[in-house]
Amino acid sequence: IAQNLAGPIRAYILAHKDAIQLWRTVMGPTRVFRARHVAPDSIRGSFGLTDTRNTTHGSDSVVSASREIAAFFPDFSEQRWYEEEEPQLRCGPVRYNPEGGIHFAAGTGGPGPT
């Protein structure tokens, strides 16, 4: 984690059935030289400087993701999210509240305008 905190960061929890694989595809290969040749339009292919300064990080497994989510978001409950919040996000349009940095189902009385 210390390596990830060498500069300013934005940490996110991505929610999708295939979030890990999809995000890893968007990031591109870990090695910047390879990313520039194999996936030049990826984040690492476009912005990576070196293999240790490759601009982005993504968990490589569900176990790693759970551990990393707990480190960056200690108050987040994965179980509570799946039981209470995730089902609401499947009910229709979703809105984003930039002040709270969260998404919520429109019309559910979530934060921000509905």
Side-chain angles (χ1 to χ4, degrees):
I1 290 179
Q3 185 176 14
N4 294 333
L5 300 177
I9 69 162
R10 288 185 184 237
Y12 298 95
I13 300 171
L14 304 178
H16 187 280
K17 173 176 86 161
D18 298 317
I20 292 171
Q21 185 55 46
L22 291 170
W23 179 240
R24 293 183 73 76
T25 298
V26 170
M27 288 188 303
T30 303
R31 302 211 178 271
V32 172
F33 179 81
R34 179 168 168 73
R36 287 185 183 149
H37 292 282
V38 175
D41 294 331
S42 68
I43 295 171
R44 290 174 175 152
S46 297
F47 304 107
L49 300 176
T50 68
D51 290 346
T52 57
R53 296 178 65 203
N54 62 19
T55 72
T56 189
H57 172 75
S59 305
D60 60 0
S61 69
V62 172
V63 171
S64 293
S66 292
R67 183 180 64 248
E68 293 165 2
I69 288 168
F72 284 100
F73 303 94
D75 295 333
F76 179 78
S77 167
E78 192 172 342
Q79 180 179 348
R80 186 181 142 274
W81 187 84
Y82 274 113
E83 290 173 358
E84 298 175 17
E85 297 179 40
E86 192 267 348
Q88 292 180 21
L89 298 176
R90 295 184 178 275
C91 294
V94 174
R95 303 250 191 260
Y96 179 70
N97 176 335
E99 290 87 32
I102 61 168
H103 289 86
F104 64 95
T108 61
T114 55

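- The number of heavy atoms from other shown groups lying within 6.0 Å of CZ (F76) is above 12.
- By the side-chain hydrogen bond (donor to acceptor under 3.5 Å, both in side chains) test, S66 is found to be paired with E78, residues two or more places apart in sequence or in another chain being considered.
- Hydrophobic cluster membership of L22, counting Ile, Leu, Val, Met, Phe, Trp and Tyr whose side-chain heavy atoms lie under 4.5 Å apart directly or via other members: none, as it forms a cluster of its own.
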Enumerate donor-acceptor pairs with a distance under 3.5 Å from any side-chain N or O in residues 24-41 to protein atoms, sequence neighbours excluded.
| from | atom 1 | to | atom 2 | distance (Å) |
| --- | --- | --- | --- | --- |
| R24 | NH1 | G58 | O | 3.1 |
| T25 | OG1 | Q21 | O | 3.0 |
| T25 | OG1 | Q21 | NE2 | 3.4 |
| R31 | NH1 | D51 | OD2 | 3.0 |
| R36 | NH2 | G48 | O | 2.6 |

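- L14 and I9 are assigned to two separate hydrophobic clusters, defined by single-linkage of ILVMFWY side chains at heavy-atom distances under 4.5 Å.
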Derivation of the side-chain contact (heavy atoms from CB on, under 4.5 Å) call for T56 and W23: CA-CA 10 Å; T56 189; W23 179 240; 3.3 Å; yes
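- Residues meeting the salt bridge (charged side-chain N to carboxylate O under 4.0 Å, His left out) test with E84, sequence neighbours left out: R80.
- The other members of the hydrophobic cluster of V62, by chain and number, are I20 (side-chain heavy atoms under 4.5 Å, ILVMFWY only).
- Taking the side chain to side chain contact (heavy atoms under 4.5 Å, CB included) definition, one finds that A15 meets it with W81, sequence neighbours left out.
- Taking CD1 from I69 and CD1 from I13, the interatomic distance works out to 4.5 Å, rounded to the nearest 0.5 Å.
- Partners of S59 according to the side-chain hydrogen bond (donor to acceptor under 3.5 Å, both in side chains) rule, which considers only residues two or more places apart in sequence or in another chain, are E68.
- Residues C91 and P87 approach most closely at SG-O, 3.4 Å, considering heavy atoms.
- Shortest non-hydrogen contact noted between S42 and G45 is OG-N, 2.9 Å.
- The list of salt bridge (charged side-chain N to carboxylate O under 4.0 Å, His left out) pairs with a residue in residues 10-20, not counting sequence neighbours, is empty.
- Put simply, OH on Y12 and CZ on F72 are 13.0 Å apart, with the number rounded to the nearest 0.5 Å.
- Partners of R90 under the salt bridge (charged side-chain N to carboxylate O under 4.0 Å, His left out) rule, at least two apart in sequence or in another chain, are E86.
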